2 protein chains.
Amino acid sequence: MTQKADRDQIRRQNRSVVLQALRRKGPQARIDLGRVTQLSPATVTSITSDLIAEGLIAGVDDDAQREREKGARGRPRSLLTLDGSAARVLAVKLSVNTIEMALADYGGRLVGRDVASFDSATVTADGFGQILIDSLRGFIDGLGGPPPAIVALASQGVVDDSAGTVAWSPAFAVRHVEVVAPVARAFGVPCLLSNDTNMIAEALHRTDPARYGGTFAVLFVDYGVGMGLFVNNRLFVGETGAAAEIGHANHIPGGSLCRCGRRGCLEAYLGDYALLRHARGLDLQTPPSRLPVGRETIRELIAAARAGEDGALDAFNAGGTALGYAFARVIATLDPRRIVVTGAAADAYPLMEAAALAALEEALVTDLRGSVDIEAIPWEEDLILRGTVARALHALDTEVFSDTGYGSQKEASAN
Amino acid sequence: MTQKADRDQIRRQNRSVVLQALRRKGPQARIDLGRVTQLSPATVTSITSDLIAEGLIAGVDDDAQREREKGARGRPRSLLTLDGSAARVLAVKLSVNTIEMALADYGGRLVGRDVASFDSATVTADGFGQILIDSLRGFIDGLGGPPPAIVALASQGVVDDSAGTVAWSPAFAVRHVEVVAPVARAFGVPCLLSNDTNMIAEALHRTDPARYGGTFAVLFVDYGVGMGLFVNNRLFVGETGAAAEIGHANHIPGGSLCRCGRRGCLEAYLGDYALLRHARGLDLQTPPSRLPVGRETIRELIAAARAGEDGALDAFNAGGTALGYAFARVIATLDPRRIVVTGAAADAYPLMEAAALAALEEALVTDLRGSVDIEAIPWEEDLILRGTVARALHALDTEVFSDTGYGSQKEASAN
DNA sequence: CAACTTTTTTTCGGACGTCGAAAAAAATAA
DNA sequence: TTATTTTTTTCGACGTCCGAAAAAAAGTTG
C-alpha cells in the first residue's frame with residue numbers, strides 16, 4: 001500500500017524537482033524552471049528564493065547578455081545555478097589493493113582526486129573500516145575546505161546494501177567487510193554503498209536520461225562480468241543489493257571452470273582469464289590464476305585476434321556466444337529498452353558481435369526480442385567514479401536538500 | 001526526474017490510501033483508518049465523508065455490538081466498508097479456445113462467472129476483438145445490473161501492454177491480436193492487459209502483501225513455463241510487457257527442442273510435453289505435438305513417478321535440474337526475497353525438489369543465494385482470474401476513484 | 001526622449017488540504 | 001443523574017499552490 005501524503009511532502013518534492021532541473025539542464029531562468037517542472041511562476045519564485053536564502057543555488061550574471069544580443073525585448077532573464085559551495089560529496093571506488101577517491105562540489109565540479117592503496121590479501125573484515133577512514137581523512141585534509149555532506153562508495157563484487165557490507169569481492173580476501181557504518185560514524189554524514197557496475201548505469205543515466213532510461217542493463221565485461229540495472233528509471237539493486245550479479249549466473253551447466261569454483265558461469269567464458277585460457281588452448285577446466293590478468297595482456301590478445309590469430313579468434317568467438325546467450329536471458333527476464341556493453345573487453349566487442357548476435361538469434365524467439373537496442377560503448381576508466389559522484393549528488397538533491405528548513409538546520413548545527 | 005506535486009495529488013493519494021486500507025483490512029472504524037493510514041482523525045473524517053457522499057463506501061451497522069460486548073466504554077466505533085454497489089469490474093482470462101469471465105462488485109464479491117469458447121486455430125488478428133466483445137456483452141447482459149467500470153484481461157503468452165495486443169500466444173494461431181482497443185471502445189471504460197502468470201503474482205500479493213511483497217518471482221510450471229514478477233511491491237512488466245518470459249529463456253545452448261522451434265529453452269525441459277517426451281524415452285529433439293497434453297496425462301505421469309517408474313523419475317529429475325538452474329539465474333539477476341513455484345506441475349515439485357536444490361547449489365555461489373525463500377504452493381485454477389479481479393479493483397482504487405470529485409463526474413455523465 | 005510594447009519576476013489574495021485542539025456525540029460506570 | 005471513556009466532528013491556523021495583477025527591466029517607436 002502506498003503511503004499517505006501531506007503538505008510538507010509537496011514542498012519537499014517540488015524543491016527537489018527544481019534542484020534536479022538545474023542539475024540536468026544547467027543554469028536557467030525562473031521561467032524556464034517553470035516550463036521544465038510544470039510549476040507556476042509564482043511557485044518557482046517562492047521555492048527559488050528559499051533555496052537562495054539557504055545558499056543552495058545562486059544567481060549568475062556573467063555573459064548572459066552576449067547570448068541575448070539578438071535584440072530580445074522584455075525584462076532579461078536572470079539565470080540561476082546550483083551553488084557549488086553549498087556542499088561537497090565524496091565518491092570512493094574500492095578495488096583490488098586500491099581506494100580511489102574523488103571529491104566534487106555541489107555543482108558537480110571535481111575538487112580533487114587521489115588513490116590510496118591497501119593490502120587486499122591481508123585486510124580483515126572489521127579492520128578495513130579504519131583503513132578506509134584514514135585514507136579518506138588524509139585525502140580530504142590534504143585538499144582542505146569543508147568536509148563532505150555525503151559519501152558514496154562503489155565496490156567490486158557483491159555488496160549487501162541493507163547491511164552496509166561488501167559481502168564477497170575480489171577486493172577482499174575476507175567476506176562481509178563492514179564499510180558503511182564506520183564511514184558514517186567517522187564523518188557523521190550519510191554513506192551509500194553500491195556495486196561498481198551499477199555506478200556505470202548511474203553515470204549513463206545521469207548524462208543522457210532519455211537514452212539511458214526506463215529499464216536498461218549495462219553489461220560490464222572486464223576482469224569479470226558484472227551487470228548494472230535500471231528499472232523504471234531507478235537503480236535496481238534487489239532485496240539485499242546483490243541483484244544483477246550476472247557474471248556468476250550459469251551459462252552452460254557443468255561448463256568451464258570459473259574463478260568462483262563453480263562450472264559454467266558466464267564469467268568463465270567472458271572474463272579476462274577465461275579469454276586468455278581459451279586463446280592459449282588450455283583445458284577449460286584449468287583453474288584460473290588468482291592474480292589478475294594485466295590490461296596489457298588483454299590488449300595483446302585483442303591485437304592478436306585482429307591480426308587473425310586462430311586461438312585468439314576462437315576465444316572471442318566463444319565469449320561472443322556466451323554474451324549472446326546472456327543478452328537473450330536478460331531480455332527474456334527483464335524486457336529492457338537497451339543493453340549496453342562496456343568494460344575493458346568492450347573494445348573487443350566487434351570481434352564478438354557476430355557470434356553474440358547469432359547466439360541471440362538462436363536463443364530467443366524473435367517476438368521476445370522486441371525492439372531492444374544493443375550497443376557497445378568504449379570503456380572509460382572514470383565512468384564508475386563519475387557515476388558514484390552522480391549518485392551522491394542525486395541523493396543530496398532528493399534526500400537531504402529537499403528538506404524544507406534545511407538552512408535553519410545548518411545554522412543550528414553550526415552553533 | 002520526478003514529477004512536481006500539488007495539492008490535488010495529496011487528496012488523490014490519501015483517498016486512495018483510505019480505499020486500499022478498507023480493501024486490505026476489511027471494515028474498520030475511522031479511528032482504525034487513522035492508525036493504519038497515519039492520517040489525522042480530522043482528515044479521515046473529511047475524506048470518508050466525501051467517499052460516503054460519492055457512494056464508494058458506506059457505514060455498516062450489523063452485529064458490531066456482539067464484538068464489543070466486553071463492556072467497552074466510550075462512543076462505539078461505527079464501521080465503514082467498501083460499498084459493493086459502487087462499481088463492478090470484469091476480469092477475463094484468455095487461453096486456448098476459451099474466454100473465462102468473472103464479474104465482481106467493488107467489495108470484491110463475485111457476481112457471476114462464465115466461460116465462452118472460440119476457435120484459436122482460425123481466429124484472425126483483427127477479428128478476435130469482436131468475438132471478445134460479443135462474449136463479454138453476452139455474459140454481462142445475462143447477469144443484468146450495471147456495466148463494469150473497468151475491464152482487466154489476462155492472456156497466455158507474450159503480451160504487449162503498450163500496444164494493447166497479444167503478441168504471441170498459444171491461444172492464437174496469429175500474432176499481434178488486438179484486444180485492449182476494441183474492448184475499451186465497446187465499453188467506454190479503461191481496459192488493462194497482462195500476462196496470465198503476472199496475475200498469479202498479483203493474486204498472491206493482494207492476499208498476503210507481507211509474505212508476497214518487495215521483489216519476488218512466481219514460476220508457473222504447467223503446459224508451459226511462465227514467470228510473474230513483482231519488483232519493489234509493483235507488478236513488473238518491462239518496457240513492452242514481455243518481461244518475465246522465462247519459459248523461452250535458454251537453459252542449455254543447443255539443448256532439447258522446444259515448441260517454439262528453438263533448442264534448449266527452459267520449457268523444453270519443464271513443460272508438460274517435455275516431461276512426457278522424456279518419460280517416454282523419446283529423443284529430446286523429437287518435435288513436440290501441437291496439441292496440448294491433457295491434465296490427465298500429467299497426473300498419470302506424476303503417479304508413475306511416485307510409484308517409482310524409472311522413465312518418469314528421470315523426467316522429473318531433468319526437469320528439477322532445469323528448474324534449479326532457473327532459480328539460480330533468477331536469483332543472480334534479480335536478488336528476490338522469494339521464489340514461488342506453482343502450476344499444474346507444481347504438485348510434482350516434491351519429485352523435483354532434490355534435483356532443483358542440487359542444481360541451485362551447483363550453479364550459484366552461496367553468497368549470492370542470500371536468504372531467498374523458495375516455496376511450492378498447490379495450484380488452484382482460479383488463481384489467475386482472482387489476480388485479474390484484484391488488479392482491476394486495485395486500479396479502481398488508485399486510478400479511478402482516487403480522483404476528487406469522482407462523484408460529480410458520475411452525476412454529470414448520468415445526465 | 002517619453003510613451004509603448006514585450007518579457008520576466010514578484011506580489012497579493014483565494015482556495016484547499018492537513019493538522020491540533022476543542023467540542024460534540026454516544027456509550028458505560030458510579 | 002452525573003462522571004468517565006472513547007469515537008467522531010467541528011473549528012481555526014498554517015502552509016502551499018495557483019491565477020491575476022503589478023512591478024521590473026529591457027527594447028521599440030514616433
Side-chain angles (χ1 to χ4, degrees), chain A residues 3-18 27-53 57-61 64-80 402-405 408, chain B residues 3-18 27-53 57-61 64-80 402-405 408:
Chain A
Q3 277 284 307
K4 71 150 185 179
D6 61 16
R7 219 179 33 244
D8 287 5
Q9 231 170 64
I10 293 192
R11 188 62 150 195
R12 244 199 310 278
Q13 177 152 347
N14 287 341
R15 279 169 63 101
S16 133
V17 161
V18 167
Q28 287 160 85
R30 289 169 181 77
I31 188 139
D32 301 317
L33 283 172
R35 254 189 289 274
V36 170
T37 62
Q38 309 270 36
L39 292 164
S40 74
T43 305
V44 172
T45 291
S46 164
I47 290 176
T48 52
S49 69
D50 281 3
L51 295 174
I52 290 170
I57 67 177
V60 45
D61 43 11
Q65 287 99 323
R66 206 183 314 161
E67 193 203 2
R68 321 196 57 267
E69 274 168 342
K70 290 179 284 186
R73 314 232 294 200
R75 179 172 175 173
R77 41 188 64 187
S78 75
L79 272 49
L80 298 171
S402 60
D403 254 26
T404 42
S408 49
Chain B
Q3 276 285 307
K4 72 152 185 176
D6 60 15
R7 221 180 29 247
D8 285 5
Q9 228 169 69
I10 292 194
R11 187 60 151 197
R12 244 199 309 277
Q13 177 152 346
N14 287 341
R15 280 168 63 100
S16 131
V17 162
V18 167
Q28 289 160 81
R30 290 170 181 77
I31 190 142
D32 301 317
L33 283 173
R35 256 189 289 274
V36 169
T37 62
Q38 309 269 37
L39 292 165
S40 74
T43 304
V44 172
T45 290
S46 164
I47 290 175
T48 52
S49 69
D50 281 4
L51 294 174
I52 290 171
I57 68 176
V60 44
D61 44 11
Q65 287 100 323
R66 206 181 317 162
E67 192 204 3
R68 320 197 58 265
E69 274 169 340
K70 290 179 286 186
R73 313 230 298 200
R75 178 171 175 174
R77 39 190 63 188
S78 74
L79 272 50
L80 298 171
S402 60
D403 254 27
T404 43
S408 50

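Predicted model, so just to flag it, every value in this text is computed and none were measured. Chain letters run A, B, ... following the sequence lines, proteins first and then strands; every chain starts at 1.
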Ranking D/dA23, D/dT16, D/dT8 by distance to the side chain of B/Arg77, first place goes to D/dT8
B/Leu33 side, atom CG; B/Thr43 side, atom OG1 - distance, nearest 0.5 Å: 12.0 Å
Hits for side chain to side chain donor-acceptor pair (under 3.5 Å) against B/Arg11, two or more places apart or cross-chain, chain-then-number order -> B/Ser46, B/Asp50
Does B/Arg12 have any salt bridge (Lys or Arg N to Asp or Glu O under 4.0 Å) partners at least two apart in sequence or in another chain, and if so, which? B/Asp403
Side chain of A/Arg75 - closest among D/dC14, D/dA25, D/dC17: D/dA25
Short N/O separations, protein against nucleotides 19-21 of chain D, under 3.5 angstrom:
none

Ordered by number, residues from residues 43-51 of chain A within less than 4.0 Å of DNA chain D (heavy atoms) are A/Thr43
Atom CD in A/Gln9, atom OG1 in A/Thr404: separation rounded to 0.5 Å? 11.0 Å
Within this structure, what is the NZ-OG distance for the pair B/Lys4 and A/Ser40, rounded to the nearest 0.5 Å? 7.5 Å
Of the listed nucleotides D/dC17, D/dT16, D/dT8, the one nearest the side chain of B/Ser78: D/dT8
Interatomic distance, A/Ile10 CD1 vs C/dC19 C1' [rounded to whole Å]: 14 Å
B/Asn14 side chain near C/dG17 phosphate (N/O to OP1/OP2, under 4.0 Å): no
Short side-chain N/O contact from B/Lys4 to OP1 or OP2 of D/dC18, under 4.0 Å: yes
Please check the phosphate of D/dG15 (OP1 and OP2 only) for any side-chain N or O of A/Arg11 closer than 4.0 Å. no
Spacing of A/Gln9 atom CD relative to D/dT16 atom P, expressed in whole Å: 13 Å
Nearest 0.5 Å, what's the CZ-CZ distance between A/Arg35 and A/Arg30? 14.5 Å
Closest of C/dA26, C/dG17, D/dA25 to the A/Pro76 side chain is D/dA25
Residues that B/Ser49 engages under side chain to side chain donor-acceptor pair (under 3.5 Å), provided they are two or more places apart: none
Find the distance A/Ile31:CD1 to D/dA25:C1' and express it as a whole number of Å. 14 Å
Selection from D/dT8, D/dT16, D/dT4 that lies nearest to any side-chain heavy atom of B/Arg73: D/dT4
If we ignore hydrogens and angles and just use 3.5 Å, is the side chain of A/Asn14 paired with the main-chain N or O of B/Ala5 as donor and acceptor? yes
Rounded to whole angstroms, how far apart are CZ on A/Arg7 and P on C/dA15? 18 Å
Is it the case that the side chain of B/Gln13 and the backbone of A/Gln3 share a donor-acceptor pair, with hydrogens and angles ignored and the cut-off at 3.5 Å? yes
Closest-nucleotide ordering on DNA chain C, the 5'-leading residue of A/Ala29 and A/Ala5: A/Ala29
Counting just side-chain N and O atoms, does B/Arg30 come under 4.0 Å of either OP1 or OP2 of D/dT9? yes
Categorize B/Asp8 for me: base, sugar-phosphate, or nothing, with a 4.0 angstrom heavy-atom threshold over every strand shown. nothing
Run the side chain to side chain donor-acceptor pair (under 3.5 Å) test against B/Asp6 and tell me which residues pass, sequence neighbours left out. none
